K.L.:
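Before I ask anything, here is the structure I am working with.
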Amino acid sequence: MTGRRPAALIGALVVLAALLHPAPAVAAGSGDITADLLAGRNVTLTGDAVVNVPEGTTTYDGVITGEGTLRIAGSGTLILTKDSDFSLPKARQRQAVRILGGNHPYVVVTRPDPPAVIVDRGATLQYGNGGGTGLIGRFPYNTPGYQLNQDNIEVNGTLRLSLTRSFNLGTISGSGLISQPRFLWGTLDLAGTNPFSGVIDNGTGAAAGKPETTVALPNARAILNQGTWTIDTPLHQTVTIRQNFYQREYGSDINVQSRPGGKVILTGQYSYSDRGGTTDPSLSDRAINWRKIPHDLNKRGTNIKGADVQWGDGSTNKIFMPGTADTVYINLLAARFRSKLTFAYNGPVTLGAPIGGGVFHDTLKSPGAGDVVIKSVRGNDVTFAADQYYDGSTTIEKGATLRLGTGRPGGDGSLLTKAALFRIVNDGSMVVRNTGKAITLSKISGTGSLTQAGAATTRLAGAQTYTGKTAISRGVLALTGGSLKSSSAVMLTKSGAKLDLTKTGNQTLRDVSQASGTTVLYGDRATLTLSRQSKLSGTFQGGRLLNIGTAGGTFTVEGDFEQTPEGRLSTRSTGTPLRVTGKVSLAGKLELTPPAQVTKEVPLIANDGADPVAGAFTNLPEGARVAGYQITYKGGDGNDVTLKPVKAKAALDKPTEHNTPPATTTPTATGSSLWLPATLAAAAIALLALVLIVVHRRRT
């Protein structure tokens, strides 16, 4: 008997437990199933069902199965704590799922099913209660990398995702709010094309595409990112996200990854939000993105991890990451591959923060592992207004512009020239506009132009092989190595501009042009060679200026000037000569545009040195005629090159006071006069006439 008492006791306890906690009843049906859910009964759908959720919060611990649809209506919140598994009736199922890619499979969904779950405006459906269950879903597909949900959902009210696991919602439609609480560490797997036009509030984690699926949100109004939003692509696939991202709390970021041949295009803007709440995030003043606010609430960033990323698609000029180093961090990292960041805007944009290689929430000035491209898009004009720390190449494509510095205090920019993989491929236009910080650039190649336009000095170090024009409109462009011989033209366009070649030795410049008040500096023992065409009106300071091309204008050489037999000096002879403080050595051609009247000596070269002029222009020895002038290399104070007017010689007979002087004739190239042959001819004619008269009289 004693052995039976424990068994009886146990049986009594089981009965008591059953009485206290009865198993949920199972209800079958369609239509309004509100009472069943409020009673906590399990439900087997037999068609389209609706739950009118009363105000407040209703927690449902049951399970929904069967075939049909579930509509959440009313004004309250329905919390599901257990996973439910039902599907559309087979007659409505049309969704096709294909797995492509062979050894690198990815999922493609076509003809999505109508939604199996609908959340009406004003109602809230919550999946889970901070744990791992509470999801509605059926997963019949053998999809790699994630579970694709067959139960598509339409959200016009609010869907709250209070789950701590990874999950997929199928195809999402509607215009409401999808919200995930912060710090739950669950992950929403977004896959395929989702016509959803509302707002996604990411509190912890969202995977927008994976190596096994692409994602598209063509209509979503905005993304409120308060956690980590991760974008990835399958092999050779492009993912484009056009939404604006917003942040309200410190610590959010966007991580971008891609497979080989894959690319991520971001055309929106990642901004702080201080109004509109969760359903309509926006920013009251875009300047807030550019200044630090308390608690770093507007500090946001992006981590590009071995990915090919493009900001903009040529249809906007709103930069993806607006801000400074205080409000924005951008990390260019290497994973399986180095990263690449491309700018593709149709107007001017300013990057006010560094691109580096730090660890997530800060750049930390660690070198980034990737390359930057300024894409060939009409109007693409990108300004770097901060020091950059990426170790890689910078490519400026044809028609695009990269500016270093804004041209205003506090907006200087630079590149990490000492990095191992640094180089600049410039087929467009590069402009340096720093006002306070001198920078050094090197290894510039390509067909594009380089412009120095800031008050701070720009130094060019090492070999420069770019073939475009070099322009200096402000400040100093200084070579500390290499040369500009490949540059098609060198232009000093505004007064005060300087080209400093004093650290480089001998140099050759092609097609030089100068504005008045500009200066070219070169070494005291160096030779600066001018080739091709040069239009000059500034100053050259250095050892020897050698002209082997065409030098035109009125300029000053504070040093020696030499022209070779291949050279040409072009001058208008307006009275403002070429001034030379050192030696003058001449050969080659003189191209002269004389003044209208020959009245006085005209200086061509004012030789301020003491040495005589060496050599002469081709076919113009001392005293030779030049368009009504006589050239001399001993003019002025004795060693200037000048043109003197040619004087006509006087007639042999002095005129009387009643006679007018004989007319001046044009001198020949040898200087002889024509008056003697003319006089003899006249006398012969008179004598012949006299003989004819005498003969005629004798005959008569």
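As the structure is a prediction and not an experimental result, all values here were calculated from the model. Values reported hereafter were calculated over all heavy atoms of this structure, with side chains retained and with hydrogens, waters and symmetry mates removed.
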K.L.:
Show, in sequence, the C-alpha distance, side-chain angles and deciding distance for Y270 and N225, and conclude whether the side chain to side chain donor-acceptor pair (under 3.5 Å) test is met.
P.N.:
CA-CA 9 Å; Y270 191 12; N225 185 37; 3.1 Å; yes
K.L.:
One pair to check against side-chain contact (heavy atoms from CB on, under 4.5 Å): Y389 and L332. What are the steps and the verdict?
P.N.:
CA-CA 9 Å; Y389 297 105; L332 209 58; over 6 Å; no
K.L.:
Is any side-chain N of the basic residue among D371 and R338 closer than 4.0 Å to the acidic one's carboxylate O?
P.N.:
yes
K.L.:
Between R138 and D83, does at least one N-O distance fall below 4.0 Å, as a salt bridge requires?
P.N.:
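Not counted as a salt bridge, because no side-chain N and carboxylate O are separated by less than 4.0 Å.
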K.L.:
So W311 and F320, would you call those rings parallel, tilted or perpendicular, with 30° and 60° as cut-offs?
P.N.:
tilted
K.L.:
Looking at R242 and D313, does any basic side-chain N land under 4.0 Å from a carboxylate oxygen?
P.N.:
yes
K.L.:
Would you call K299 and D326 a salt bridge, taking side-chain N to carboxylate O under 4.0 Å as the test?
P.N.:
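No, this pair does not count.
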K.L.:
Considering only NZ, NE, NH1 and NH2 on the basic side and carboxylate oxygens on the acidic side, decide whether D36 and R41 come within less than 4.0 Å.
P.N.:
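Salt bridge present between D36 and R41.
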K.L.:
Any Lys/Arg nitrogen of R71 or D120 sitting under 4.0 Å from an Asp/Glu carboxylate oxygen of the other?
P.N.:
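Counted as a salt bridge, because a side-chain N and a carboxylate O are separated by less than 4.0 Å.
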K.L.:
Do NZ/NE/NH1/NH2 and the carboxylate oxygens of D189 and K210 come within less than 4.0 Å?
P.N.:
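Result for this pair is yes, salt bridge flagged.
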K.L.:
Do other residues, nucleotides or ligands put more than 12 heavy atoms under 6.0 Å from R94 CZ?
P.N.:
yes
K.L.:
For atom CZ of R165, is the number of surrounding heavy atoms from other residues, nucleotides or ligands below 6.0 Å larger than 12?
P.N.:
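Correct, the count exceeds 12.
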K.L.:
Output, in order, the C-alpha distance, side-chain angles, deciding distance and verdict of side-chain contact (heavy atoms from CB on, under 4.5 Å) for D308 and F337.
P.N.:
CA-CA 9 Å; D308 183 354; F337 309 97; over 6 Å; no
K.L.:
Do D113 and Q95 have a side chain donor and acceptor closer than 3.5 Å?
P.N.:
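Not at all, the side chains of D113 and Q95 share no donor-acceptor pair under 3.5 Å.
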K.L.:
Would you please say whether a donor-acceptor pair under 3.5 Å links the side chains of R423 and S393?
P.N.:
no
